[in-house]
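Structure first, commentary second.
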Amino acid sequence: MLKTVALFAVTAVAEILGCYLPYLWLREGKSAWLLVPGAISLALFAWLLSLHPTAAGRVYAAYGGMYIGVALLWLWWVDGVRPTWWDLLGGSVALTGMAIIMLAPRNS
């Protein structure tokens with residue numbers, strides 16, 4: 001379980017970074033060369049999602065909760081914006097949803 005959560009966290013960082021670098025180019029006027037590591041990061045993101053042994057739709061649904069949590073950390077650490085109480089509440093709901101999906105009994 002801890003391995004899966006850690007893999008989700010690394011996957012979320014890869015996805016956010018892969019989207020953030022083009023954002024810097026488009027919105028902040030940074031170098032277009034940021035698209036290269038951005039594309040590599042998005043390819044890494046797709047590969048990391050493929051490492052989970054369960055159905056893709058379930059992986060994506062559970063991953064969504066972790067993505068929201070990591071995005072809120074990114075908001076705080078990278079963007080320098082402290083999450084509001086509402087941000088934290090929404091992130092908690094998303095992580096609870098992730099836990100329900102991950103911990104549900106399965107008939108294999």
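Positions are given from 1, in the same order as the sequence printed here.
By the criterion of side-chain heavy atoms lying less than 4.5 angstrom apart, applied directly or through intervening Ile, Leu, Val, Met, Phe, Trp or Tyr residues, L44 is grouped together with L51 in one hydrophobic cluster. The hydrophobic cluster containing Y60 also contains L103, counting ILVMFWY residues as joined when their side-chain heavy atoms lie under 4.5 angstrom apart, directly or transitively. Grouping the Ile, Leu, Val, Met, Phe, Trp and Tyr side chains by contacts below 4.5 angstrom, directly or via other members, places L48 apart from I101. One hydrophobic cluster holds both L95 and W74 under the rule that ILVMFWY side chains link at heavy-atom gaps under 4.5 Å. L49 and I40 are assigned to two separate hydrophobic clusters, defined by single-linkage of ILVMFWY side chains at heavy-atom distances under 4.5 Å.
For T84, the side-chain hydrogen bond (donor to acceptor under 3.5 Å, both in side chains) partners two or more places apart in sequence, or in a different chain, are D87. For I100, the side chain to side chain contact (heavy atoms under 4.5 Å, CB included) criterion is met by T96, not counting sequence neighbours.
In plain terms, the two heavy atoms of L72 and P83 that are nearest each other are O-CG, 3.7 Å.
Atom CG of L75 is separated from atom CZ of R82 by 11.5 Å, given to the nearest 0.5 angstrom. The OG atom of S41 sits 12.5 Å away from atom CG of L35, with the distance rounded to the nearest 0.5 Å.
Hydrophobic clustering, defined by side-chain heavy atoms of Ile, Leu, Val, Met, Phe, Trp and Tyr closer than 4.5 Å, groups W86 together with W85, L89.
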In a table with atom names and distances, give each donor-acceptor pair under 3.5 Å that connects a side chain of residues 4-33 to protein atoms at least two apart or in another chain.
unit_1: T11; atom_1: OG1; unit_2: L7; atom_2: O; d: 2.6
unit_1: E15; atom_1: OE1; unit_2: Y63; atom_2: OH; d: 2.4
unit_1: S31; atom_1: OG; unit_2: W33; atom_2: N; d: 3.0

